[in-house]
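Working notes, structure below.
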Amino acid sequence: MKLAPWYPMNEQEIINAENQLMANVFGKRQIVITKGKAATLWDINGKEYVDCMGSFGVALLGHCHPKVVAAIHEQAEQLISCHGSLYNDKRSEFLQKLVAFTPEGLDKAFLSNSGAEAVECAIKLARKYTGKPEIIAVMGGYHGKTMGALSATWDKKYREPFQPLVPEFKHVPPDNLEKIKAAISEKTAAVLVEPIRGEGGIRVAPDGYLQGLRELCNEKNVLLIFDEVQTSFGRTGKLFGCQNWGITPDIMTLAKPFAGGLPIGITVAKAEIMSAFKVGEHSTTFSGGPLVCAAGCAAIDALVEENLAEKAASTGKYFKARLEELADKYKIVKEVRGLGLMLGMELRFDVYRILLKCAERGVLVLDAGRNVLRFLPPIVITKEQVDKAITVLDAVLEEEENARTNPSNTTAN
Ligand SMILES: *Cc1c(COP(=O)(O)O)cnc(C)c1O
């Protein structure tokens, strides 16, 4: 047996071990994060970062939210696992808290462990309820990487190596009602879209589109599924993304921030639809475990008590306005998009080097495709932290712009 080293590892040893022992599927940054609080992260050397990655949208409440920490601690001493074939107090509490704030009518849930799983459940449910096989998704959509979810995901770099995928998935151009209308057939069970495409570059649904889609699905008797894994839990300034347009889907998928940072996936649907599943037709061993549900209860309490949706709206407005200042200042910036604290800045070239330069200067930013900088900070990010992120980005964009107008400038290397 190979024993792990007993001594504390240094930065390079930690990196080496991950590189050697873990599947090489993440585009890694050479930073070892060891601690987090609210919207601040620290690396192993004590260097501080403003976190605009938010663990890809998971850390919406901020890292180590005190309510979540206390709930996990307390529950860990009480009960950690409890299969769905037995009842549990925390699971019951979580479900009640959940459906108390989901959009009206979406009041029966299946609990799983990730966004992709929430999507898998939605796909199976749509097929079971309608008795039809076909799912219409959009070009540029992202729904996860398990085989069913991947079949709905668009990007061919994710799809092509794994064909054949699940049959009867059709992709149509995004934000185009006519194309969806033309694609709907006798076989169509559901249309699956994100209200704001996250991985697809922070693309907000245009005015009238989602309302039109709702009407179209009603008219054609097709289910409307919203993948709100990234757009829910206050992120966009409303509790759920769909509330920005005043419409409700038939099935909604949730995940990332719902358990305060622990792994969770949730599929919520109209009760009549969720009831299409019979005992045994869908399940997962960890569904609604007590530890996750305790953390989830604390997360929902914090979301409501701290008015985080309103905070996302106001901080997001400020952040977006400051990004727009940069867009006016630099020609290399094409556009700023987003709602609440789900923001994107599209550049005219690959953003990878900008991400690295921002990280060097203490600001962690995400990308969304090749050309878009994506900001998914914890909602508790302070105005000072937004200003710091803007100052750093300003300096980095200036360097990049100079390097591009005067290619001999060495700061570009
Ligand atoms: C992240 C994401 C997923 C996949 O979630 P995982 O937890 O990574 O499986 C699905 N849909 C959307 C919209 C996402 O942003």
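Given the structure is predicted, the values throughout are model-derived calculations rather than measurements. Both counts, for ligands and for their atoms, begin at 1 and track the order of listing.
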Exercise for the section: Compute whether any side-chain donor of one residue and acceptor of the other, for Y209 and N176, lie under 3.5 angstrom apart. Expected result: no
Output, or 'none' if empty, a list of ligand 1-protein atom pairs in which both atoms are N or O and the distance is under 3.5 Å, rounded to 0.1 Å.
residue, atom, partner, partner atom, Å
ligand 1, 7 (O), G115, N, 2.8
ligand 1, 9 (O), A116, N, 2.8
ligand 1, 11 (N), Y142, O, 3.4
ligand 1, 11 (N), D227, OD1, 3.3
ligand 1, 11 (N), D227, OD2, 2.7
ligand 1, 15 (O), Q230, NE2, 2.7
ligand 1, 15 (O), K256, NZ, 2.6

Handout entry: Heavy atoms of other groups near K320 NZ, more than 12 under 6.0 Å
Key = yes
Completion exercise
Residue set satisfying side chain to side chain contact (heavy atoms under 4.5 Å, CB included) with T382, at least two apart, ordered chain then number -> E384, Q385
Exercise for the section: Using a cut-off of 6.0 Å, state whether more than 12 heavy atoms not belonging to F277 lie near its atom CZ. Expected result: yes
Exercise for the section: Assess whether ring pair (Phe, Tyr, Trp, His ring centres under 6.0 Å) is satisfied between F101 and F240, documenting all intermediate values. Expected result: CA-CA 9 Å; F101 89 111; F240 295 89; 5.2 Å; yes
Exercise for the section: Measure the spacing between NE2 of H143 and CD1 of I135 and express it to the nearest 0.5 Å. Expected result: 10.5 Å
